[in-house]
Amino acid sequence: MNILIATSEVVPYAKTGGLGDVCGALPQAFAKMGHNTKVFLPKYKSTDAHAHLMKKIDVSLQIAINGSTYELSCFSIKDKKLPLEYIFIANDNLFNRPELYMDKATGKDYKDNDDRFIFFNQAVLQVSKLISFKPDIAHVHDWQAALIPAYLKLNYQHDPFYTNCKSLLTIHNLAFHGMFPNKSFTKLGISTKLFYPTSPFEFYGKVNFLKAAIAYSDKITTVSKTYAKEIQTVEFGCGLEGVLKERSKDIVGILNGVDYKIWSPTRDSEIAFSYRPQNLSGKKANKIELLNVAKLPVRDKTPLIGIISRLSDQKGFDLIEEIADKLFSYNVQVILLGTGDKKYHELFKSLEKKYPDKCKAFLKFDNSLAHKIEAGADIFLMPSKYEPCGLNQIFSLKYGTIPIVRKVGGLADTVLPYNHSTGSGNGFVFEKYESSELLTSIQEALELYSHRHKWTKLMKSAMAEDFSWQKSADQYIQLFESLLSKNYEKTL
Ligand code: ADP
């Protein structure tokens with residue numbers, strides 16, 4: 001089948017988080033199964049590093065948004081072995097910027113994110129038609145590609161090129177809606193009759209791209225089974241629980257996979273020492289190397305906790321803040337890699353000062369270091385308030401870096417609590433979003449760490465887990481096939 005993927009992030013071209021990992025790996029899995037796959041993404045500054053591989057596509061287009069006209073050009077990178085092509089939608093004014101979505105200096109979203117992504121969504125459908133790529137499925141990811149299902153249903157419903165195309169929205173994080181002032185609606189190129197209270201585009205007087213995709217896409221997936229249920233509740237629904245509940249029958253949870261070519265200690269090209277369950281000496285060597293990079297003292301029996309994360313409230317840093325002094329009173333070291341909220345930058349800077357031989361904070365985005373932390377740490381901490389899927393805990397399992405997580409979303413679906421009597425499980429799990437529960441889990445982990453034999457056994461169980469993409473890709477393809485079957489009728 002012909003699969004069109006529209007996304008704002010694709011590893012290795014552009015990434016701010018898990019979306020980039022998923023949209024890097026999943027299209028490859030589709031293509032490996034023989035499906036003709038084209039991935040559309042904006043051409044950012046970050047993609048310049050790959051410019052030498054790009055070929056210009058001969059399309060010349062202009063897209064008008066509320067009186068402003070934007071030139072569009074297009075570039076392509078074709079996979080040499082697979083039926084897979086990346087198509088870069090370019091407009092330097094809109095996309096050739098240091099960051100993907102926000103101005104780093106102010107920490108605020110770019111003011112013209114509406115124009116940028118309206119342009120991108122319109123461009124995808126226009127370019128696909130111009131290059132005669134007739135998709136059976138338009139698989140769109142998050143708010144940045146969320147207008148495509150609406151355009152297909154409202155603007156292209158009579159266009160034979162697209163009439164049979166079904167759309168699937170994947171929600172990677174419901175907290176990000178793509179919300180803009182009501183005056184942005186006129187930019188969409190959609191009848192203004194469709195902007196009224198409770199319409200698919202309207203959310204408390206504003207324009208909400210994600211809400212539109214929830215209404216207009218033929219099916220909706222999110223990235224774990226538990227999160228698929230959670231988002232239909234007030235606690236996790238971010239105000240969209242009502243519209244999601246209306247689509248309940250069409251919502252499916254498909255867990256993200258991991259690209260083990262990139263994220264496994266046997267194949268990782270970013271780490272100094274590869275290792276495998278049968279011989280873990282490389283892990284110890286990576287730990288020493290990491291402690292040296294962090295300029296922390298190497299202490300043989302001291303467990304090293306790693307954290308790699310966006311520094312946002314979602315990720316449970318308020319809990320860590322509450323227990324920090326207690327945590328550092330134990331025989332433990334912590335290395336954090338992350339960027340985000342200023343308050344957490346300050347928190348970790350102050351912890352680093354207070355505990356110079358125990359804490360190191362790398363306040364930056366550094367892919368190579370992320371791999372080194374996965375390989376070098378003993379324990380991975382991820383006490384999220386909510387977590388659609390979470391990738392780092394899954395990476396951690398493969399590196400024998402035992403995760404401590406909260407039982408929520410994809411964390412609940414991938415980390416199973418260690419059972420002291422049977423030795424089953426692959427990590428440590430706490431339930432309530434309370435710092436005392438987090439602390440108890442950390443204590444439990446530290447205690448087990450001192451029993452080397454049991455700990456090594458736990459590491460081996462974790463490393464044996466398999467979250468490769470194939471299973472998830474199969475589920476997506478089954479879903480696509482069900483959409484394309486004659487019996488399918490959308491239940492709007
Ligand atoms: P989210 O998408 O919510 O940020 P995930 O756990 O799903 O969280 O994915 C995060 C991805 O981003 C992982 O691949 C992780 O390694 C990476 N990442 C997060 N912060 C950093 C950072 N500061 N430097 C390098 N990689 C990071």
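Ligands are counted one by one from 1 in listed order, and the atoms in each one are counted from 1 as well. Predicted model, so just to flag it, every value in this text is computed and none were measured.
Not a single heavy atom of Phe362 sits less than 4.0 Å from an atom of ligand 1. Residue Lys364 places a heavy atom less than 4.0 Å from ligand 1. Ligand 1 lies out of reach of Asn173, whose nearest heavy atom is not under 4.0 Å from it. Within the structure, the closest approach of Lys315 to ligand 1 falls below 4.0 Å when heavy atoms are considered. Every heavy atom of Cys389 sits 4.0 Å or more from the atoms of ligand 1. Proximity of Lys15 to ligand 1 is established by a heavy-atom distance of less than 4.0 Å.
Side-chain atoms of Gln28 and Asp79 form no donor-acceptor pair, as typed in the model, at a separation below 3.5 Å.
Among protein heavy atoms, the minimum distance from atom 27 (C) of ligand 1 is reached at Phe365 CE1, 3.4 Å. In terms of protein heavy-atom proximity, atom 5 (P) of ligand 1 is closest to Leu391 N, 3.6 Å. Looking from atom 4 (O) of ligand 1 to the surrounding protein, the closest heavy atom is Arg310 NE, 2.8 Å. Looking at atom 9 (O) of ligand 1, its nearest protein heavy atom turns out to be Gly18 N, 3.3 Å. Closest to atom 24 (N) of ligand 1, if we only count protein heavy atoms, is Asp366 N, 2.9 Å.
Every pair passing ring-ring contact (aromatic ring centres under 6.0 Å, His included) that includes a residue from residues 375-404 is listed here, sequence neighbours excluded: Trp263-Phe395.
Counting the atoms of ligand 1 from 1 in the order shown, those under 4.0 Å from a heavy atom of Asp21 are 11 (C), 13 (C), 14 (O). Short contacts between ligand 1 and Asn392, defined as distances under 4.0 Å to a heavy atom of the residue, involve ligand atoms 6 (O), 10 (C), 13 (C), 15 (C), 16 (O). The atoms of ligand 1 that sit less than 4.0 Å from any heavy atom of Phe395 are 13 (C), 14 (O).
Looking at every heavy atom in both residues, Asp142 comes nearest to Leu169 through N-CD1, 4.1 Å. Of all the heavy atoms in Ser224 and Gly410, the pair that sits closest is OG-N, 3.3 Å.
Taking NE2 of His50 as the start and CG of Leu53 as the end, the distance is 7.5 Å to the nearest 0.5 Å.
Considering only residues two or more places apart in sequence or on other chains, His345 meets the ring-ring contact (aromatic ring centres under 6.0 Å, His included) condition with none of them.
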